[in-house]
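Here is the structure we will look at.
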Number of protein chains: 2
Amino acid sequence: MADVAARAGVSLKTVSRVVNDAPHVQPELAERVLAAVAELGFRRNHLASSLRSGQATATIGLLIEEIANPFYATIAGAAAEMARQRDTMLIIASSEEDPAREQQLLRDMCARRVDGLLVVPAGHDHSFLRAEVELGTPVVFLDRPAGKLRADTVLLDNRGGARAGVRRLVEAGHRRVAVLLDSIGVYTMRERLDGAQDALVEAGAPYDNRLVRDGVRDPAAAGRVVAELLDQPDPPTAFFSLNNRITLGVIEELYRRGSDAALLAFDDFDLARLVPYPLTVIAYDAGELARAATELLFRRIDGDRSWPHTVVHPTELVARGLPNR
Amino acid sequence: MADVAARAGVSLKTVSRVVNDAPHVQPELAERVLAAVAELGFRRNHLASSLRSGQATATIGLLIEEIANPFYATIAGAAAEMARQRDTMLIIASSEEDPAREQQLLRDMCARRVDGLLVVPAGHDHSFLRAEVELGTPVVFLDRPAGKLRADTVLLDNRGGARAGVRRLVEAGHRRVAVLLDSIGVYTMRERLDGAQDALVEAGAPYDNRLVRDGVRDPAAAGRVVAELLDQPDPPTAFFSLNNRITLGVIEELYRRGSDAALLAFDDFDLARLVPYPLTVIAYDAGELARAATELLFRRIDGDRSWPHTVVHPTELVARGLPNR
DNA sequence: CTGAAAGCGCTAACAT
DNA sequence: ATGTTAGCGCTTTCAG
């Protein structure tokens, strides 16, 4: 910047004004500065700028579980688009469901003085963020609530969605509904399971604990569990898959066997319509969820100091898949 | 940091040493400093640190077309994982195939003094990056080559993959192969089309320009084009879809009609096995592509000044889908 | 409307 | 092994 100033025959401050298109600069001087900038290939150092000016790094941090998962990719896409509209860059990192890693990544983002944080929490204690929040870094939680910290939160109606879905199964006459979930340690899984139980209880259907299977981490595991359940005496007549990875494995096994068990699945997916097996999907708009959270975050960044909100987004039941052979 | 130093009764530099766990600090002093850090809730300002130390913001930039697309999400996931292993943060931005936006985003990343850039290029002129590259910001191009800039590049064997796939169609007796593509302006689309034509020419099959359809932007458009082609006199007996979005629409329309046309598709996808229509997929490992590029980038960041490389990754033909009814 | 000086928070280079 | 000094590139403050 000093070089540019020398070249243009003006002071450093004038260059700064021109570069930041601040007012009160004679067009003639501005032109000389711009020429010097071009000749010298000057690029403003954003680091130095935000160091001096205190706040506003024009960067927000997004912490999710796993970027490659379509659910989180959709969230990232929506957040990125809103950030871009505000000329803000997005730092994305994956916790991989590891609370220690989550904490380290969030601390690092804070060290980089992001203007705000969008977090899909992995851990259950976010009190380590309290100091940052009080120092002025807003945090919005997404998809799951924060632990031990009061903060803005945008959630999905997991319980209501699950309940509505299972109610539909019950109305179709199903009494034995198997539930397959990833990990009971995850908030969304607990809520969805609770919703399923609500519907079962309301219908006076017997609740059989052996039909609930935790720890189904991937499609292959889901397939094995389905096989095992169907080979039992008194097998379930319906399956409720609590996430999209599980759904894939369940569909495959049910199709392979030519089973006529009903399938209810949380999370919609691109090819659901073309799956060769009828299923009911609990769908929702992940992009909308992320947009709501990002909007809330920017409002905080813009100085909104009102009491923290919690917003719950609805889900919808949709019939998918092709009729049975 | 000054406050911490005062509190611990040491100099600023000692605090700096402790915070950066540099050697030559008495354990006793280090402990006092750490205590002061905890009491005062001190957080190192990463901005100031990298401003002073010149380089090493421990940040890399990733520019892709669209985060929500599974192909780019996979790339982002792989890059993020490698970055994390080096305690490096990842800034991700989407160009949405807009060259102007690409340029603006890349410039912004440079202004933030990222240590390196990973780019899936949208535009055809990247000479604006030359100054940055010469000033020491390495750039690796991914999936598509740079325009007007010599740089490391990691590509897929688009042409070879397409050729092998179409050759298989030809060997199965197909002479009229329709090709559906997104935009001829995109490098990968051109290469794939060229590969298809290679195979057709090699087989002495007639090349019919009316069977090549450009501008198929989404699944719905793909479905319409398939319908139109099949309703022609002398319709194609095989379809070659040049990307995953197009494939969805083609499958749906072919299935809807109960058509027995063959389908070849670039890009594998999760549910391909369960699609109720037989298809051949040109598959590749997008994660591996991204890992190779990120590896190359980090080698450059670590000071590798050798001549720029271009690496081409192979593709593979895989049978997918369920047999026809 | 423009410029000089001070300093954001930290680390490199040099003392001690 | 620890401390002192200078300054990274920019913006703020205040004087002209």
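This is a predicted model, so every value here is computed, not measured.
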Give a yes or no answer on whether the side chain of Thr153(B) reaches the backbone of Ala151(B) with a donor-acceptor pair at less than 3.5 Å. yes
Separation of atom NZ in Lys13(A) from atom C1' in dT12(D), rounded to whole Å: 7 Å
Can you measure Met1(A) atom CE to dC8(C) atom C1' for me and round it to whole angstrom units? 15 Å
Nearest whole angstrom, please: distance from the C1' of dC10(D) to the CZ of Arg112(B). 15 Å
In whole angstrom, what separates Asn45(A)'s CG from dC8(D)'s P? 12 Å
Calculate the interatomic distance between Gln26(A) atom CD and dG3(C) atom P; express it in whole Å. 10 Å
One pair to check against ring pair (Phe, Tyr, Trp, His ring centres under 6.0 Å): Phe141(B) and His126(B). What are the steps and the verdict? CA-CA 10 Å; Phe141(B) 287 83; His126(B) 298 90; 5.1 Å; yes
Rounded to the Å, how far apart are Arg52(A) CZ and dA5(C) C1'? 11 Å
Look at the side-chain N and O atoms of Ser53(A) and state whether any lies under 4.0 Å from the OP1 or OP2 oxygen of dT11(D). no
On the nucleotide dT11(D), are OP1 or OP2 found under 4.0 Å from the side-chain N or O atoms that Ser16(A) carries? yes
Winner on side-chain proximity to Leu51(A), out of dT11(D), dG9(C), dC10(C), is dG9(C)
Nearest-Å distance for atom pair CZ/P, residues Arg113(B) and dG9(D): 8 Å
Any side-chain N or O of Ser49(A) below 4.0 angstrom from OP1/OP2 of dC10(D)? no
Rounded to whole Å, the CG-P distance (Leu47(B) to dC10(C)) equals 10 Å
Which atom names give the shortest non-hydrogen contact between Leu142(A) and Ala293(A), and what distance separates them? CD1-CB, 3.6 Å
Start at the 5' end of DNA chain C and walk down; is the nucleotide closest to Ala48(B) or to Arg17(B) reached first? Ala48(B)
